[in-house]
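For reference, the structure discussed in these notes is given below.
Here the structure is a predicted model, which means the values were calculated and not measured.
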Amino acid sequence: MEYVLLAIIGALAGVLGSIVGLGGGTILVPLTLLVGIDLGWIPGITPQSVVGLSVIMMIFNGLSSTISHMKVKTVDYQSGFIFFVGTVPGTLIGAFVNKNVDLPSFNLYFGILLIVLAVLLLARKYLKPIHWFVNHGKERIFIDPKGETHVYGYPIWFALLLTFVIGFTSGLFGIGGGTMIVPAMILLFLFPPHVAVGTSMFMVFLSAIVNSITHISLGHVPWLYTLPVIPGAYIGGTIGSMLNKKMNSETLVIVLRVILLLFGIRSIIEGIWG
């Protein structure tokens with residue numbers, strides 16, 4: 001039963017994560033904590049092993065999504081590598097900090113993070129883009145399939161600082177960081193939305209490789225449980241990327257905000273009162 005549950009969770013995380021550029025960990029971690037620890041349906045699972053499972057899943061989710069975005073040329077490889085360089089040290093530090101986090105603390109901090117992410121998703125629609133970063137940074141140009149030209153950009157120093165913080169969060173909680181970087185790319189750096197999602201998934205894929213190596217070395221990866229999650233996440237990522245290009249994902253983002261908010265509140269309650 002636990003393998004069926006993990007396959008479903010992996011596929012769901014892959015679909016939702018790829019549609020809005022999350023990477024899937026934001027969905028997989030709270031769902032696995034709920035099903036595995038709170039309900040006791042997945043034997044031997046711990047916060048550390050959930051994080052280890054999540055980062056392995058994100059490699060395949062990020063790979064399938066990146067390949068789909070590569071086909072329609074919505075991946076900015078140069079920006080993706082710059083963002084990746086910033087995440088690497090943060091990811092390593094976050095993974096080592098995770099080793100010493102107990103379940104109540106993990107629930108509390110993760111719950112706070114989920115609520116912050118829900119607020120970011122809510123605010124993304126209503127905040128006005130900021131042009132300062134483009135005017136004072138490295139300018140990029142993208143021509144979409146309709147022939148429209150989009151100008152975006154960022155100061156490299158700020159991008160590295162921002163992605164370091166995102167990398168630390170990713171290493172600590174096993175999430176892809178896409179929920180934080182996508183709004184920043186759209187609102188601060190003026191990325192076209194589809195390019196932001198495609199580039200985010202490319203960064204998630206690269207970061208997940210480093211993140212997974214660290215968690216493997218720390219013994220956090222439950223290898224048997226990765227068997228159902230990997231194919232589910234890969235297939236889900238492919239489906240999610242296809243849906244991203246064909247549909248307005250705003251309805252899904254609204255649902256995702258509600259889910260993150262509910263999981264966040266529940267996680268905080270578990271962290272404080274157990």
Do [X] and [Y] belong to the same hydrophobic cluster, where Ile, Leu, Val, Met, Phe, Trp and Tyr are linked whenever their side-chain heavy atoms lie under 4.5 Å apart, directly or via other members?
X	Y	result
Leu218	Ile45	no
Val4	Leu33	no
Ile8	Val35	no
Phe96	Leu113	no

State whether the side chain of [X] and the backbone N or O of [Y] hold a donor-acceptor pair below 3.5 Å, judged by distance alone.
X	Y	value
His136	Trp132	yes
His215	Gly171	yes
Asn98	Gly94	no
Ser64	Asn61	yes
Ser212	Ala208	yes
Ser54	Gly174	yes
Ser105	Val101	no
Thr149	Ile143	no

**Prompt:** Can Ile130 and Phe133 be said to form a side chain to side chain contact (heavy atoms under 4.5 Å, CB included), step by step?
**Reply:** CA-CA 7 Å; Ile130 300 172; Phe133 295 94; 4.1 Å; yes
**Request:** Decide yes or no on side chain to side chain contact (heavy atoms under 4.5 Å, CB included) for Ile268 and Ile112, but give the supporting numbers first.
**Result:** CA-CA 7 Å; Ile268 289 174; Ile112 293 172; 3.9 Å; yes
Within the 4.5 Å heavy-atom criterion, are [X] and [Y] side-chain neighbours or not?
X	Y	result
Thr32	Ile9	yes
Leu162	Phe189	yes
Val210	Phe84	yes
Val204	Ile59	no
Phe168	Val97	yes
Ile156	Leu160	yes
Ser267	Leu108	no

Taking atom [atom1] of [X] and atom [atom2] of [Y], what is their separation to the nearest 0.5 Å?
X	Y	atom1	atom2	result
Phe110	Glu270	CZ	CD	13.5 Å
Asn100	Gln48	CG	CD	8.5 Å
Ile175	Met58	CD1	CE	8.0 Å
Ile42	Met1	CD1	CE	11.0 Å
Leu188	His131	CG	NE2	11.5 Å
Thr91	Ile213	OG1	CD1	11.0 Å

Over all atoms of both residues, closest heavy-atom pair of [X] and [Y]:
X	Y	result
Leu172	Val51	O-CG2, 4.0 Å
Pro129	Leu190	CB-CD2, 3.2 Å
Thr87	Met203	CG2-SD, 4.0 Å
Ile186	Ala196	CG1-CB, 3.8 Å

**Derivation and outcome, side chain to side chain donor-acceptor pair (under 3.5 Å), residues Ser217 and Thr214** = CA-CA 5 Å; Ser217 68; Thr214 306; 5.5 Å; no
**Request:** Go through Glu148 and His150 one step at a time and tell me if the side chain to side chain contact (heavy atoms under 4.5 Å, CB included) criterion holds.
**Result:** CA-CA 7 Å; Glu148 296 182 13; His150 303 268; 4.1 Å; yes
Quick one: salt bridge (charged side-chain N to carboxylate O under 4.0 Å, His left out) pairs with a partner in [range], sequence neighbours left out?
range	value
residues 33-61	Asp38-Arg266
residues 182-208	none
residues 162-184	none

**Message:** Under 3.5 Å, is there a donor on one side chain and an acceptor on the other for Thr74 and His194?
**Reply:**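 On atom types as modelled, these side chains do not qualify, holding no pair under 3.5 Å.
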**Request:** Check the side chains of Ser68 and Ser65 for a donor-acceptor pair under 3.5 angstrom, ignoring hydrogens and angles.
**Result:**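 Absent: no donor and acceptor within the cut-off.
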**Asked** Can you list every side chain to side chain donor-acceptor pair (under 3.5 Å) pair that touches residues 161-177, not counting sequence neighbours?
**Response**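 Qualifying pairs: Ser170-Asn211.
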**Message:** Would you say OH of Tyr109 has more than 12 non-hydrogen atoms from neighbouring residues, nucleotides or ligands within 6.0 angstrom?
**Reply:**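 Not buried by this count: 12 neighbours or fewer within 6.0 Å.
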**Item:** Atom CZ of Phe158: over 12 foreign heavy atoms under 6.0 Å
**Value:**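 Yes, the 6.0 Å shell around CZ holds more than 12 heavy atoms from other groups.
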Distance-only check: which donor-acceptor pairs under 3.5 Å involve side-chain atoms of residues 75-83, not counting sequence neighbours?
unit_1: Asp76; atom_1: OD1; unit_2: Gln78; atom_2: N; d: 3.3
unit_1: Asp76; atom_1: OD1; unit_2: Ser79; atom_2: N; d: 3.1
unit_1: Asp76; atom_1: OD1; unit_2: Ser79; atom_2: OG; d: 3.4
unit_1: Asp76; atom_1: OD1; unit_2: Arg140; atom_2: NH2; d: 2.8
unit_1: Asp76; atom_1: OD2; unit_2: Ser79; atom_2: OG; d: 2.8
unit_1: Asp76; atom_1: OD2; unit_2: Arg140; atom_2: NE; d: 3.2
unit_1: Asp76; atom_1: OD2; unit_2: Tyr152; atom_2: OH; d: 2.7
unit_1: Gln78; atom_1: OE1; unit_2: Arg140; atom_2: NH1; d: 2.7
unit_1: Ser79; atom_1: OG; unit_2: Tyr154; atom_2: OH; d: 2.6

Contacts table for residues 222-234: side-chain donor-acceptor under 3.5 angstrom, sequence neighbours left out:
unit_1: Tyr225; atom_1: OH; unit_2: Pro43; atom_2: O; d: 2.7
unit_1: Thr226; atom_1: OG1; unit_2: Trp223; atom_2: O; d: 2.5

**Request:** Tell me whether the centres of the aromatic rings in Phe106 and Phe173 are closer together than 6.0 Å.
**Result:**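 When the ring centroids of Phe106 and Phe173 are compared, they turn out to be within the sub-6.0 Å range.
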**Request:** Kindly determine whether Phe191 and Thr199 satisfy side chain to side chain contact (heavy atoms under 4.5 Å, CB included), including the steps that lead there.
**Result:** CA-CA 10 Å; Phe191 272 68; Thr199 305; 4.3 Å; yes
